[in-house]
Amino acid sequence: MGRPAKPPKNGKRKQSKRPSGRLTALILAALLLGLSLRLYDLLQELRDARAEELSYAAQLAELQETNKRLADDIENRDNLDLIEDIARDEMGMVAPGEKIFRFGNR
C-alpha cells in the first residue's frame, strides 16, 4: 500500500502563481487612488462653491437694501426736504444766506 501524503510544512499549502491576480490588484489600487483624488477635488470644489454662495448672499442683501432705499426715494420724490437734503449732501449746494465751514483733516 502507498504511504499517505505528508502535510506541507508550517501548515502552508503550495500556492499557484497567478500573475493575473497581481495585475488585477494593481489595477484596482490605481482605480481606488484615482477615485480618491477625484473625490478630494470634488470636495474642494464644493467648499469653494459654498464660499461663493455666501459671498453672493451678502451681495444680494446689500442690493436689496439699496433697492429699498431707492424705492423709498422714488416714493418721496415730491418731498422738498428730501430734495434739499440730496442737493446739500451730493451736490454741495447751499441755501441763500447760508455759510459753510469746512475743516480739513490734519
### Query
Roughly how far apart are Glu84 CD and Asp89 CG, rounded to 0.5 Å?
10.0 Å
### Query
From Leu42 CG over to Leu35 CG, what is the distance, rounded to the nearest 0.5 angstrom?
10.5 Å
### Query
Roughly how far apart are Asp41 CG and Leu46 CG, rounded to 0.5 Å?
12.5 Å
#### Entry: Test item: Leu31 and Ile27 side chains (from C-beta on) under 4.5 Å apart, heavy atoms
yes
### Message
Regarding Arg77 and Asp73, does a basic nitrogen lie under 4.0 Å from an acidic carboxylate oxygen?
### Response
no
### Message
With heavy-atom distances below 4.5 Å as the criterion, would you say the side chains of Gln44 and Arg47 are in contact?
### Response
yes
### Query
CG/Asn67 to CG/Leu60 distance, rounded to the nearest 0.5 angstrom?
9.5 Å
### Message
I need the single residue from Glu53, Glu52, Gln59 that forms a side-chain hydrogen bond (donor to acceptor under 3.5 Å, both in side chains) with Tyr56. Which is it?
### Response
Glu52
### Message
Quick check on Arg50: does its CZ atom have over 12 non-hydrogen neighbours (other residues, nucleotides or ligands) under 6.0 Å away?
### Response
no
### Query
Shortest non-hydrogen contact from Thr24 to Ser20?
OG1-O, 2.7 Å
### Between CG on residue Leu63 and NZ on residue Lys68, distance to nearest 0.5 Å
15.0 Å
### Task
With rounding to the nearest 0.5 Å, note down the distance linking CD1 in Ile86 to CG in Asp81.
11.0 Å
### Message
Using a strict threshold of under 4.0 Å (side-chain N to carboxylate O), is an ion pair present between Arg88 and Glu98?
### Response
yes
